[in-house]
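Only heavy atoms go into these numbers, but all of them, side chains included; no hydrogens, no water, no symmetry mates. The residues of the chain are indexed from 1 along the displayed sequence. These numbers come from a predicted model, not from an experiment.
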Amino acid sequence: MELSAISSVLETIGMLTQQVTSLLGVDDQVESLEWELRWMQSFLKVAGSRKADDEVMRNKVADIRDLAYDAEDVIETFALQVASKRKAGFSNCIKRSACCLKEGCLLYQTKSEIEKITVRISELTRQLKTYDVTKLGVDGEGPSSSARRRESRRPYPHIVDDNIVGLDGDIKTLLHFLSMKKVNAVLLLFVEWVVLVVSHFKYLAWVYVSRQFQKRKIWEDILSKLSSTNERGSNQSDDELAQKLFKFLEDKKCLVILDDIWNIEAWNSLKPAFPIERNSNSKILLTSRRKEIVSHANPRCYRCALRCLNNKQSWELLQKIAFPRLDFAGYGVDAKLREFGKDMVKHCAGLPLAIIVLGGILATKNNSLNEWQKVSTNVKAYLKRDTSDVKDVLALSYDDLPPYLSTCFLYLSHFPEDYEIRKGRLIQLLIAEGIVSPNQEEDCGELAEDVAEGYLMELVERCMIQVCERDISTLEVKTFQMHDLMRDFCMSKAKKEKFFYIVDQSNACSSSTDQGFRRISMHEYCRIQCIKSTKLRSLLFFKEIPIEALRPRSLVINDFLGCKLPTDIGNLIHLRFLSLRDLSFVRSKLPSSLDTRHLTHLLSYCGNLHKLRLAVEISKLPEYHYLSSNLVYIKLVRCKLEEDPMPTLEKLPDLRVLEFYDKAFKGKEMFCSAHGFPKLESLSLMYLENLEELKMDEKAMPSLRGLEIGYCPNLNILPDGRRFITTLEKLKIESMPKTFIAKVLQGREHVPFIIVRD
């Protein structure tokens with residue numbers, strides 16, 4: 001269920017109502033709106049927990065999302081416009097009178113718009129109250145499509161699949177772990193290792209847990225299968241039943257397979273009956289879609305994580321499915337069919353499910369060279385056409401996503417096929433969109449960036465996205481990618497829920513009319529005059545920019561040559577994220593709307609800004625009162641500032657990290673006054689070629705812990721004021737003059753840890 005939209009507007013209302021004057025005059029209307037939205041939020045939580053999935057509910061959810069976004073737009077616009085007018089100040093009575101008149105008109109207009117939205121929400125609330133959420137379907141009862149999908153995928157212990165490829169090594173290790181016997185031979189058939197494992201244990205129980213289960217029934221089923229008397233313990237309490245099963249497993253040599261455990265809570269509920277911490281002869285084998293469940297159950301356990309197949313294994317599996325009558329895969333296969341097959345299977349990217357689908361398609365072609373060639377020319381289209389089984393499997397994983405992850409997952413539908421998504425960029429977009437809110441920092445004690453990264457890594461753990469590239473030294477994830485079939489599923493879900501819109505050649509003309517799109521993505525070049533959407537929240541380009549007019553909240557433009565930005569981009573008052581990475585502009589300078597007159601205007605509207613990275617040439621920074629008081633991180637790169645930025649930046653109350661890089665400042669002197677930078681913890685001065693002196697008053701930077709200085713050839717000495725900074729823990733010096741280094745080392749008693757690099 002789409003909860004992020006309502007959560008976003010409720011957070012916006014909460015933040016603005018703390019600033020009492022921001023919503024003065026419309027507070028009654030906002031309070032009424034807030035009450036309606038909170039009821040909807042509760043309804044969606046209940047409906048989401050029951051996995052309601054029908055056309056009526058999808059339409060209602062889309063309506064709720066649109067209304068929530070409309071409300072947020074109106075409230076935020078009012079607050080921003082009022083704040084900017086009051087912040088600018090007025091020099092005479094005539095201007096003040098004109099301002100009051102404009103503010104009165106704005107107040108009347110905002111009241112009217114909020115009341116219209118509230119009426120629409122009240123009507124939708126009335127409709128939802130008549131829609132009995134308790135009949136939407138729960139796993140195992142009612143018409144839930146999720147329950148039907150789970151039942152169709154249920155495995156049975158007596159049905160053995162011989163089409164097992166690429167698991168030889170894992171099987172050998174697992175067999176050794178279960179039986180503690182060395183396995184020398186590579187097993188040819190899945191059934192063979194089953195026989196070997198079963199023969200090692202005296203008792204065997206296989207139970208299917210699934211998403212909805214009854215703890216007592218699982219325990220009784222296991223006990224019944226282990227005991228020769230089929231005893232179920234119906235007259236015993238839960239504690240007695242758990243103790244009895246625990247004792248049986250502890251004394252006997254048993255293998256218990258708990259198949260398809262969905263979450264950690266399920267394992268925590270079941271585990272009192274299993275002697276996990278004891279040195280028992282019994283073994284417990286868990287299967288799950290989520291890696292963290294197995295790690296949680298026992299950090300020391302052997303984990304067998306399924307991997308994608310390599311090309312050789314993929315071809316082996318394809319042959320088993322496409323040529324079911326061959327005793328030994330590969331023998332008797334026509335050379336040309338083999339060539340087509342090996343080429344086609346590469347499109348499956350090692351995903352067994354996709355290979356099985358492709359093999360099923362080819363098995364119906366009667367080994368016809370002509371038919372195989374037809375499939376080969378457009379493999380992806382055939383896979384998309386015949387993926388009902390695949391979609392059911394992927395839908396099971398999607399159904400299990402909590403609301404915060406489902407929205408995060410759907411956002412990935414913006415990106416083109418086979419696109420490598422940079423982790424840092426994706427995190428910035430999720431925050432700018434409000435999918436991950438900076439306000440969560442206060443609730444969970446984490447930065448919004450850390451929360452967003454946690455979401456992405458959870459999607460990786462659930463195998464919804466794949467890690468594409470890691471840093472060689474730190475192994476930190478750099479890029480993600482989606483498998484084609486997962487992306488197709490993601491896009492179908494996103495379109496069904498009206499989550500976004502893709503502009504291409506087929507619909508370019510219609511995009512110039514206002515259709516109320518919230519999110520737009522362009523994957524291919526198509527020249528259009530403009531995109532009109534008064535409700536647009538994000539606009540992502542992955543090809544050359546073809547438009548002149550746009551007004552989104554977040555704008556991302558990637559790797560284009562010869563592009564031209566709209567001249568009024570500085571007037572986007574709701575803009576939260578702007579990326580102009582690796583661009584070559586038609587004209588050498590950015591639009592005039594992004595110079596220091598207009599940069600001030602833009603920043604004055606960014607009251608929620610927490611991080612600022614500025615890489616544009618400007619002579620001086622805007623005055624501090626135009627900057628967000630919420631800023632905690634600022635990085636200036638190649639700005640070529642002529643005026644000392646310190647008197648401006650030192651007044652920011654929550655600034656913790658400040659970095660100057662690569663000619664960010666052209667001047668010779670920086671000065672930090674007493675009581676400046678009250679919370680600054682880290683300062684970096686790198687590649688400032690003209691800097692000669694850094695002056696600090698006695699009580700400046702009282703919280704500084706880390707200082708980094710490098711490649712500043714004209715800086716001769718550290719400021720005397722640093723000796724008063726008792727909090728300084730680490731000083732890093734890189735490629736500085738020897739005289740500078742010598743003076744630093746002379747005063748090292750003031751710094752516990754110094755790093756010097758040539």
Side-chain angles (χ1 to χ4, degrees), residues 1-8 10-11 41 45 48-49 261-268 288-297 299 303 305 394 397-415 419-471 473-483 486-487 490 493-494 499 538 554 556 576-577 608-611 613 630 632-633 656-657:
M1 290 293 145
E2 175 60 79
L3 288 169
S4 65
I6 292 182
S7 298
S8 179
L10 289 175
E11 286 173 0
Q41 190 178 43
K45 285 180 179 177
S49 67
I261 296 182
W262 276 73
N263 51 54
I264 290 174
E265 291 73 23
W267 168 249
N268 288 340
S288 177
R289 297 167 181 269
R290 296 169 58 182
K291 299 176 184 176
E292 71 269 20
I293 294 174
V294 181
S295 301
H296 173 79
R303 285 172 285 178
L394 300 182
S397 296
Y398 177 77
D399 291 342
D400 188 48
L401 294 177
Y404 64 89
L405 277 187
S406 62
T407 308
C408 185
F409 174 73
L410 291 180
Y411 192 82
L412 298 173
S413 60
H414 283 77
F415 297 92
Y419 188 83
E420 285 193 31
I421 309 168
R422 292 201 301 272
K423 183 187 73 174
R425 171 59 43 79
L426 181 55
I427 287 174
Q428 291 170 328
L429 286 170
L430 292 174
I431 295 172
E433 284 271 15
I435 294 172
V436 178
S437 170
N439 291 348
Q440 288 176 278
E441 294 178 19
E442 298 178 1
D443 299 333
C444 61
E446 289 183 283
L447 292 174
E449 286 81 359
D450 295 333
V451 175
E453 184 171 5
Y455 288 178
L456 295 176
M457 295 314 298
E458 192 170 344
L459 288 175
V460 171
E461 288 288 316
R462 291 169 177 262
C463 302
M464 306 290 281
I465 57 176
Q466 300 169 325
V467 173
C468 191
E469 183 184 359
R470 291 182 183 270
D471 184 271
S473 57
T474 65
L475 298 181
E476 183 181 358
V477 175
K478 295 177 68 176
T479 61
F480 300 100
Q481 202 168 33
M482 295 187 82
H483 191 282
M486 185 65 79
R487 179 180 175 272
C490 182
K493 275 287 181 183
F499 190 82
S538 70
S554 59
V556 176
R576 293 178 180 174
F577 178 67
N608 300 332
L609 199 64
H610 282 60
K611 287 193 172 186
R613 183 184 185 276
N630 296 315
V632 296
Y633 172 91
R656 287 173 168 80
V657 179

Going through the checks in order, is the side chain to side chain contact (heavy atoms under 4.5 Å, CB included) test met by V460 and Q466?
CA-CA 6 Å; V460 171; Q466 300 169 325; over 6 Å; no
Could you go through Y419 and R487, starting from their C-alpha distance and side-chain angles, then the distance that decides it, and tell me whether this counts as side chain to side chain contact (heavy atoms under 4.5 Å, CB included)?
CA-CA 11 Å; Y419 188 83; R487 179 180 175 272; over 6 Å; no
Run the side chain to side chain contact (heavy atoms under 4.5 Å, CB included) check on Q481 and I465 step by step: do they pass?
CA-CA 6 Å; Q481 202 168 33; I465 57 176; over 6 Å; no
For the pair V451 and I431, evaluate side chain to side chain contact (heavy atoms under 4.5 Å, CB included) and give the outcome as yes or no after the intermediate values.
CA-CA 10 Å; V451 175; I431 295 172; over 6 Å; no
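Looking only at side-chain heavy atoms (C-beta outward), F409 and C490 come within less than 4.5 Å of each other.
Taking the six-membered ring where tryptophan is involved, the planes of Y411 and F499 are perpendicular, since the angle between them exceeds 60° and thus also 30°.
Once rounded to the nearest 0.5 Å, the distance linking CZ of F480 with CE of M457 reads 5.5 Å. Rounding to the nearest 0.5 Å places CD of E453 at 11.5 Å from CG of L430. Taking CG of N268 as the start and CD1 of I264 as the end, the distance is 7.0 Å to the nearest 0.5 Å. Rounding to the nearest 0.5 Å places CZ of F415 at 5.0 Å from CG of L426. To the nearest 0.5 Å, the span separating CG on L429 from CZ on R422 amounts to 10.0 Å. With rounding to the nearest 0.5 angstrom, the CG atom of L405 is 5.0 Å from the CG atom of L459.
Using a cutoff of 4.0 Å between basic side-chain nitrogens and carboxylate oxygens, E420 and K478 are not scored as salt-bridged. Using a 4.0 Å cut-off between charged nitrogen and carboxylate oxygen, E476 and R470 do not count as a salt-bridge pair.
A donor-acceptor contact closer than 3.5 angstrom links the side chains of Y404 and E458.
Each of C408, S397, S406 was checked for a side chain to side chain contact (heavy atoms under 4.5 Å, CB included) with M464, and the lone residue meeting it is S397. Only one option out of L456, V477, T479 pairs with V467 in a side chain to side chain contact (heavy atoms under 4.5 Å, CB included); it is V477.
Taking all atoms of both residues into account, the shortest heavy-atom contact from I435 to Y455 is O-CE1, 4.5 Å. The minimum heavy-atom distance between M486 and C463, with the atom names listed, is CE-O, 3.7 Å. Of all heavy-atom pairs spanning S413 and A494, the tightest one is OG-CB, 3.4 Å. The minimum heavy-atom distance between Y398 and L410, with the atom names listed, is OH-CD1, 3.7 Å.
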